[in-house]
Asker: 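Take this structure, written in structure tokens, and hold onto it; I'll ask about it next.
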Amino acid sequence: MTSTATVRPYRPADARDLDDICIRTGHNGGDSRPVYADPAVLPAVFAAPYVHLDPDLAFVLDDGQGRAVGYVLGTADTPRFAAEFRTRWLPRVADRHPAPKGPPATPDEVIAGLLHDPERMIVPELAAYPAHLHIDLLPEWQGRGHGRTLMRTFWRALRERGVPAVHLVMATANTPARAFYDTMGFHVIEAAGLDPADVTCLGRSTRDTGRS
């Protein structure tokens, strides 16, 4: 690792790196490969659709040699994104990751169920936070301030689009991530119909106060 790591806009050549980051951080912040039979289902839900549908809101941490080792991805308009996820993204990946035929029986089926239900992203209590994001860094690049830089870059892009607030939905079990979000000024948003034992909704203004 060098001090030349920088945040830059996503490029199509980064796609494989982003999938790898998502897989290696996709199980409560840890490596998903021991958990999923086909861990590619994770980036199919949480990474690739964002760079396909909203590439201008995708930013990566470049290690200084052209390799993406972290990212922040998202959308400025969650309802619009959910609609385009169904019409423009799901047809591209549905055959590889079919919807479960009944209650999900495996971790892969749980995530495939999310893939086939993009409308789950539209939560009434989050309407005042129209943007949402996903942020991940490889473990060896965490705790070095890069997550803060990625977040601020994303907030700035949202402000430029006139978006006042952003939310995220995280696995409640991912306590290190929650500690990071707390330091970044996120607060809990209670949402009926979502089990807080499983997921936690967080939100904040896109304004950068400089204190986080």
Side-chain angles (χ1 to χ4, degrees), residues 8-61 67-123 126 130-138 150 154 157-158 166-171 173-174 177 193-195 198-199 201:
R8 60 167 172 79
Y10 165 82
R11 300 191 290 246
D14 300 319
R16 277 189 164 183
D17 287 340
L18 268 58
D19 286 358
D20 181 61
I21 295 163
C22 185
I23 289 169
R24 291 171 60 190
T25 60
H27 181 61
N28 296 331
D31 195 337
S32 70
R33 289 173 292 186
V35 179
Y36 294 86
D38 182 4
V41 69
L42 289 162
V45 178
F46 300 118
Y50 291 88
V51 298
H52 181 70
L53 299 173
D54 272 308
D56 292 342
L57 282 173
F59 303 93
V60 305
L61 177 66
R67 175 185 171 225
V69 292
Y71 60 70
V72 62
L73 316 168
T75 183
D77 183 341
T78 296
R80 187 271 306 163
F81 181 82
E84 293 190 358
F85 191 110
R86 178 163 295 283
T87 59
R88 295 177 52 200
W89 175 251
L90 186 56
R92 300 170 65 95
V93 295
D95 288 347
R96 178 171 179 179
H97 307 291
K101 299 186 184 305
T106 66
D108 294 64
E109 289 189 351
V110 170
I111 304 302
L114 300 180
L115 174 68
H116 287 266
D117 181 23
E119 293 75 20
R120 66 186 160 74
M121 291 184 266
I122 304 173
V123 178
L126 301 176
H132 76 260
L133 67 85
H134 297 278
I135 182 170
D136 289 297
L137 292 96
L138 293 177
L150 284 165
F154 188 75
L158 291 178
V166 60
H167 75 267
L168 60 90
V169 180
M170 60 165 290
N174 190 351
L194 297 179
D195 185 350
D198 293 329
V199 297
C201 298

Asker: Stepwise, does the side chain to side chain contact (heavy atoms under 4.5 Å, CB included) test hold for Y50 with H132?
Answerer: CA-CA 11 Å; Y50 291 88; H132 76 260; 2.6 Å; yes
Asker: Any heavy-atom pair between the side chains of C201 and V169 that's under 4.5 Å?
Answerer: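 The answer is yes; the side chains approach within 4.5 Å.
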Asker: Restricting to non-hydrogen atoms, name the atom on G70 and the atom on I21 that form the minimum distance, rounded to 0.1 Å.
Answerer: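 What the structure gives for the nearest pair is N-CD1, 3.4 Å.
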Asker: Where the side chain of H116 meets the backbone of H97, is there a donor-acceptor pair that is under 3.5 Å apart?
Answerer: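 Yes, because the side chain of H116 sits within donor-acceptor range (under 3.5 Å) of the backbone of H97.
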Asker: Let me confirm one number: the CD1-OG1 distance from I135 to T25, rounded to the nearest 0.5 Å.
Answerer: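 Spacing of CD1 (I135) from OG1 (T25) equals 10.5 Å.
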Asker: Mind checking whether L150 and Y71 have side chains closer than 4.5 Å, heavy atoms only?
Answerer: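 The answer is no, as the side chains (C-beta and beyond) never meet within the 4.5 Å cut-off.
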Asker: Using side chain to side chain contact (heavy atoms under 4.5 Å, CB included), reason through R8 and D14 one step at a time and then give a plain yes or no.
Answerer: CA-CA 11 Å; R8 60 167 172 79; D14 300 319; 2.9 Å; yes
Asker: D17: what forms a side chain to side chain donor-acceptor pair (under 3.5 Å) with it, not counting sequence neighbours?
Answerer: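 Not a single residue meets the side chain to side chain donor-acceptor pair (under 3.5 Å) criterion with D17.
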Asker: Given side chains that start at C-beta, do those of L61 and L137 come closer than 4.5 Å, heavy atoms only?
Answerer: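 They are in contact (side-chain heavy atoms under 4.5 Å apart), so the answer is yes.
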Asker: Is the H134-F154 ring centre distance short of 6.0 angstrom?
Answerer: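 No.
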Asker: Enter the distance from D54:CG to H52:NE2 here, rounded to the nearest 0.5 Å.
Answerer: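 Reported value, rounded in 0.5 Å steps: 10.5 Å.
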Asker: State whether the side chain of R88 and the backbone N or O of L53 hold a donor-acceptor pair below 3.5 Å, judged by distance alone.
Answerer: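 No: the side chain of R88 does not pair with the backbone of L53.
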Asker: Has S32 got a side-chain atom pairing as donor or acceptor with H27's backbone, closer than 3.5 angstrom?
Answerer: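 Not confirmed, S32 side chain does not pair with H27 backbone.
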Asker: Does T78 use its side chain to pair, donor to acceptor, with the backbone of P130 at less than 3.5 Å?
Answerer: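 Yes, because the side chain of T78 sits within donor-acceptor range (under 3.5 Å) of the backbone of P130.
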Asker: Mind checking the CG-CG spacing from N174 to N28? Nearest 0.5 Å is all I need.
Answerer: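 Output value for this atom pair is 6.0 Å.
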Asker: Does V51 form a side chain to side chain contact (heavy atoms under 4.5 Å, CB included) with L18? I'd like the steps, not just the answer.
Answerer: CA-CA 9 Å; V51 298; L18 268 58; 3.7 Å; yes
Asker: Please table the atom pairs, donor to acceptor, closer than 3.5 Å between any side-chain atom in residues 35-49 and protein atoms at least two apart or in another chain.
Answerer:
{"from": "D38", "atom 1": "OD1", "to": "A40", "atom 2": "N", "distance (Å)": "3.2"}
{"from": "D38", "atom 1": "OD1", "to": "R96", "atom 2": "NH2", "distance (Å)": "3.1"}
{"from": "D38", "atom 1": "OD2", "to": "R96", "atom 2": "NE", "distance (Å)": "3.2"}
{"from": "D38", "atom 1": "OD2", "to": "R96", "atom 2": "NH2", "distance (Å)": "3.3"}

Asker: Measuring from L115:CG to D117:CG, what's the distance to the nearest 0.5 Å?
Answerer: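 It comes to 10.0 Å.
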Asker: Rounded to the nearest 0.5 Å, what separates atom CZ in F81 from atom CG in L57?
Answerer: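 Answer rounded to 0.5 Å: 10.5 Å.
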Asker: Do D77 and E84 have side-chain heavy atoms sitting under 4.5 Å apart?
Answerer: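 No - every pair of side-chain heavy atoms lies 4.5 Å or more apart.
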Asker: Sequence neighbours excluded, which residues qualify as side chain to side chain donor-acceptor pair (under 3.5 Å) partners of R67?
Answerer: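 Per chain and number, R67 pairs via side chain to side chain donor-acceptor pair (under 3.5 Å) with no residue.
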Asker: For a quick test of reading the model, state the closest non-hydrogen atom pair linking P9 to F59 and the distance between them.
Answerer: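 Taking P9 first and F59 second, the nearest heavy atoms are CA-CD2, 3.9 Å.
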